[in-house]
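The block underneath contains the structure these notes are about, expressed in structure tokens.
Values reported hereafter were calculated over all heavy atoms of this structure, with side chains retained and with hydrogens, waters and symmetry mates removed. Just so we're on the same page: letters track the sequence lines, and every chain starts at 1.
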There are 2 protein chains.
Amino acid sequence: MASTALHERIRTDIESRILSGVLKPGDKIPSELELMGLYGCSRMTVNKALSALNSAGLLERRKRAGSCVARPRTVAMMLDVPDLPAEVAKRGQAYRFDLLKREISDTRHHRSIAEKIGCEGRVLVTHGVHRADAVPIAYEERLVSLSAVPDIETQDFADEPPGSWLLRHIPWTEAENRIGAAGAGSEAARALNVNVGAPCLSVERRTWQAAQCITFVRQLYVAGSYELIARFGPAQKGPVQNGPV
Amino acid sequence: MASTALHERIRTDIESRILSGVLKPGDKIPSELELMGLYGCSRMTVNKALSALNSAGLLERRKRAGSCVARPRTVAMMLDVPDLPAEVAKRGQAYRFDLLKREISDTRHHRSIAEKIGCEGRVLVTHGVHRADAVPIAYEERLVSLSAVPDIETQDFADEPPGSWLLRHIPWTEAENRIGAAGAGSEAARALNVNVGAPCLSVERRTWQAAQCITFVRQLYVAGSYELIARFGPAQKGPVQNGPV
DNA sequence: GGCGAAATAATGTCTATACATAATTGCCGA
DNA sequence: TCGGCAATTATGTATAGACATTATTTCGCC
């Protein structure tokens, strides 16, 4: 394997012809039999290459009809989800989380909470600020379902913020981020030391474990102080860092 | 194949045990030989399942040492990059793009442009507004390298906006999005019909083809009118739509 | 000419085998 | 004791063949 594997070579051959535009969406790819002759190898080897391209979304394959270049439906990019304590520490700054509020509520009495977290029962509500070297980075409001995570009721979040605690203790199977902009509310503005209505990046994340909602969190980042980065490329280079501008 | 393929079943079996937390990062996975006995199939079938999990980043495999659950380096989610004309049309609204400015500049005379697009030479500069049923959705400023895309110089963008034209004509191999918040500038505010400084979602995208930068675009979405959605899950269900709140 | 059935061509899956490669383990001798 | 060589183990790659599945095409029949 001094030279790369054959199935790998076939894959990148076709991939580069697609990405460079030589092959356009809808164009037919030679059949496995033909490629097998072209490269002088067995069908399984060709199949491995084409299957990889298929599951990568570059090819569409139909029995009897053959393979053709897929037309990109929605261009999807990888978004690195921020883990604040880790990212702040990585930049050599001191991370701190200040808890502003901590209370237990119930979705049966507060419909607005029920709507946000999308489940019934008792809920832990926390508000707090993430800081790097004491400078506020983000304001967050979080709801945690106590029926899904009973252990969190005894935590005081002096050592680590609720998000990191959850990440370490509760495995999740599904998550959804909604990314938008918003003006800072009065509590957020005070916490972030900006004017009310100042533009902020808003990240709302819901996390589920097997159809049960675990937590809902809304984070506000002051505009210009934080960016999310999503990239797309054939070969994923080192992960790009989110971070301050 | 009434039941799903065996290699698929093995894959999802292990995948769900990883995602649910039964198997933690670092835990060892049975060897291909053992799994082959467990499922009563050949090694190639097991290999296909484990290879898929490996290339999906869920497993780490080392010869002689065996396979173990990979520790997630950065949690990455799929972000569907918005294609405005398509999304507006999909919601049954009439899409329109109004060109506000169109001029040709040169990076050798305007350093700020050179910095943004990251290449030398003549550059097409366009400003415009995307509208759905005449309501402004997004304001965009775009730079296109004329040395990379000479054909665009003759386009007047009456029929389709520069972004869609590029998407249809120029294949790209790499792209990067920077997502943040910003206050509307005076031109953007006038175009979007909001106050100066109103919070906006800002998406900056650079697109390359083989190390050559093709275009840089900055889009501003009025806060609350548009959201990006990124999700992560074991089985990718139908793609979630970005869109108005 | 049109309709339905059979042939056909492509991919999907699986097996059994073979050899290559890498890393670990353990043995053996200086 | 320690250094290095060899055996072992697990994965990586590839082959040839088999059967299943699914559209498409073709052909025969009415």
### Query
Has A/T45 got a side-chain N or O lying under 4.0 Å from the OP1 or OP2 atom of D/dT15?
yes
### Message
Using whole Å, what does the distance between atom C1' of nucleotide C/dT15 and atom CG of B/N47 come to?
### Response
13 Å
### Message
Quick check on C/dT11: is either OP1 or OP2 less than 4.0 Å from any side-chain nitrogen or oxygen of A/S67?
### Response
yes
### Task
Rounded to the nearest angstrom, tell me the gap between atom CZ in B/R62 and atom P in C/dA20.
24 Å
### Message
Whole angstroms only, please: what is the CD-C1' distance between B/E8 and C/dT13?
### Response
12 Å
### Query
Is B/R43 side chain donor-acceptor paired with the D/dT13 base, going by distance under 3.5 Å alone?
yes
### Summary
By nearest-nucleotide position on DNA chain D, the 5'-leaning member of A/M44 and A/A65 is A/M44
### Message
Taking 4.0 Å as the cut-off, does a side-chain nitrogen or oxygen of B/R61 come that near to OP1 or OP2 on D/dG12?
### Response
yes
### Over 12 non-hydrogen atoms of neighbours within 6.0 angstrom of CZ in A/R62
no
### Distance test, side-chain N/O of A/S31 to OP1/OP2 of C/dA9, below 4.0 Å
no
### Task
Could you check A/R64 against A/E32 and say which one's nearest nucleotide on DNA chain C is further toward the 5' end?
A/R64
### Task
Would you mind classifying the nucleic acid contact of A/L6 as base, sugar-phosphate or nothing, using non-hydrogen atoms under 4.0 angstrom?
sugar-phosphate
### Message
Rounded to whole Å, how long is the line connecting atom CD1 of A/I29 with atom C1' of C/dA10?
### Response
14 Å
#### Entry: Length of the OH-P vector between A/Y39 and D/dA14, whole Å
13 Å
### Task
Provide, to the nearest angstrom, the distance between the NZ atom belonging to A/K48 and the P atom belonging to C/dT11.
18 Å
### Task
Could you say whether B/P30 or A/H7 is positioned toward the 5' end of DNA chain D, judged by the nucleotide with the nearest heavy atom to each?
B/P30
#### Entry: Pairing of A/E8 and A/R11 as salt bridge, 4.0 angstrom limit
yes
### Query
Between B/S42 and A/L33, who's closer to the 5' end of DNA chain C by nearest nucleotide?
A/L33
### CZ on B/F216 to CD on B/E204, rounded to 0.5 Å
4.0 Å
### Side-chain (B/D133) to main-chain (B/V135) donor-acceptor, under 3.5 angstrom
no
### Message
What is the distance, to the nearest angstrom, from the CE atom on B/M36 to the P atom on D/dG12?
### Response
16 Å
### Query
In whole Å, what is the span from the NZ atom of B/K28 to the C1' atom of D/dA10?
9 Å
### Query
Any side-chain heavy atom of A/L35 sitting closer than 4.5 Å to one from A/I14?
yes
